[in-house]
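For reference, the structure is listed below as structure tokens.
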Amino acid sequence: MAPSFAAWLMIALALRPTCIAVSVCPTGWQEYGNHCYFFGTNNLDWDKAEDYCVSKGGHLASIRDQQEQEWLAQRKPPRNWIGLRRAAPGSTVWQWTDGTPFSFSAWEPTQPDYYLGQESCGEIRQYDAGRWNDYPCDHNLHYICKVPRDKVMCANATNGASCSSRDVACQCQLYMKYSDTGGFQGGLGGLSVGRTLVIKGQSIPQATRLVINLDVRDSSGKETGNNALHLNINFGGKSFTMNAKLSGKWGEKLTGSLPQQNPFGPGLPFEIVIKCGSGAFQLTFNGGPQQDFAYQVQDLQAINLLLVWQVEQIHVQLK
């Protein structure tokens, strides 16, 4: 006797905490809010530490409020550079290198004091509850990098740790995390003609379909009413449907048959390749014939989110 819907729901809820543990931050980085943080344990001067953080897609850490300050202090950093620097030598104006407004501070008592006229950079120190001190920029300390999660897309890049989805010379694995809607999602920095997504995984045993979206979201992650590609694969009907949405309105659907030689089905592995061709997405399903879907959203660089539903394993390569 097949399990009831209620039984399946209980199973899904029981498995959910395991899925939530998937993190969007790379190995060795820590996640807080919408950012990833790296605590460098080698010693660099302030400028070299900032250069290193920039090479990873971010900056030395800015600290925007008391909650972020307390979170960093709990990490017990010994002495670390943060992204704080005087606007000019001797200036009383301080600036964050990532452009965050300087509206919050957590200086140690009597600091900053510009001792001997040489202290123009900011550090956070473990003692005194992780409060801040000004310090000479040419001294060597540990450091804290901070990168927005939507920029931390890739791991194992062929040309370095930083990888843009608009850079056709870059190949990497996308970070995919469990989403609140019950699927998996991965951030994109926009696509371009010539870029390819190779999506490999395994559908959940009870799945009746597989759904993939290429979405256009605003800076806060909210839907804009634009969807560049909606792919719905029907296991029972052995068919697929593709569509797109502009200003909240769906366009004309494209339907077709799935390959018979390597079928899709519940609990089975799959491979879907989506290439950005000239004027159309070019898709193949489990190595079958190419299927083209003309672009409805013309600005490929606006595509910033990949969503996949009804899978228990997911691996996405950006080529």
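Predicted model, so just to flag it, every value in this text is computed and none were measured. Index from 1, following the sequence. Below, each value reflects all heavy atoms present in this structure, side chains not excepted, and no hydrogens, waters or symmetry copies.
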Qualifying disulfide (SG to SG under 2.5 Å) pairs with a residue from residues 55-108, counting only residues at least two apart or across chains
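Every candidate disulfide (SG to SG under 2.5 Å) pair involving residues 55-108 fails, so no pair, neighbours aside, qualifies.
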Salt bridge check, Arg64 against Asp98: does any charged N sit closer than 4.0 Å to a carboxylate O?
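No salt bridge links Asp98 with Arg64.
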Flag the pair Trp94 / Trp107 as yes when their ring centroid distance falls below 6.0 Å, and as no otherwise.
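Between Trp94 and Trp107, the centre distance is under 6.0 Å.
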For a 4.5 angstrom cut-off between non-hydrogen side-chain atoms, does [X] reach [Y]?
X: Asn227; Y: Trp250; value: yes
X: Phe293; Y: Ile274; value: no
X: Glu68; Y: His35; value: no
X: Leu72; Y: Tyr37; value: yes

More than 12 foreign heavy atoms under 6.0 Å from [atom1] of [X]: is that the case here?
X: Phe102; atom1: CZ; answer: yes
X: Gln66; atom1: CD; answer: yes
X: Lys245; atom1: NZ; answer: yes
X: Gln298; atom1: CD; answer: yes

Between His230 and Asn213, do the side chains contain a donor N or O and an acceptor N or O under 3.5 Å apart?
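The answer is yes; a qualifying pair exists.
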Less than 3.5 Å apart, any donor N or O on the side chain of Glu50 or Trp81 sitting next to an acceptor on the other?
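No - no donor-acceptor pair under 3.5 Å links their side chains.
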Spell out, as yes or no, whether a donor-acceptor pair under 3.5 Å connects the side chain of Glu119 to the backbone of Gly117.
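No, the answer is negative, given that no donor and acceptor are paired below the 3.5 Å cut-off.
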Taking Arg195 for the side chain and Cys276 for the main chain, is one N or O donor matched with an acceptor at less than 3.5 Å?
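No; judged by distance alone, with no hydrogens or angles, the pair does not exist.
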With Val273, the side chain to side chain contact (heavy atoms under 4.5 Å, CB included) member among Val198, Ile199, Asn286:
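For Val273, the side chain to side chain contact (heavy atoms under 4.5 Å, CB included) test succeeds with only one of Val198, Ile199, Asn286, which is Val198.
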Identified side chain to side chain contact (heavy atoms under 4.5 Å, CB included) counterpart of Asp215 within the set Leu305, Val297, Asn226, Leu306:
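The passing option is Leu305.
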Can you name the nearest heavy-atom pair linking Thr284 to Gln290, along with the distance?
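Thr284 and Gln290 have their closest heavy atoms at CG2-CA, 3.9 Å.
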How close do Ser120 and Pro89 get, counting heavy atoms only, and between which atoms?
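Closest pair (atom of Ser120, atom of Pro89, distance): OG-CA, 4.1 Å.
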Taking the six-membered ring for Trp, are Tyr52 and Phe38 parallel (under 30°), tilted (30 to 60°) or perpendicular (over 60°)?
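Ring orientation of Tyr52 relative to Phe38: tilted.
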Which class fits the ring pair Phe39 and Trp71: parallel under 30°, tilted 30 to 60°, perpendicular over 60°?
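Ring orientation of Phe39 relative to Trp71: tilted.
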Given the ring of Tyr135, does Arg125 sit roughly above its face, with NZ or CZ under 6.0 Å from the centre of the six-membered ring and within 45° of the axis?
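Not flagged: Arg125 not positioned over aromatic ring of Tyr135.
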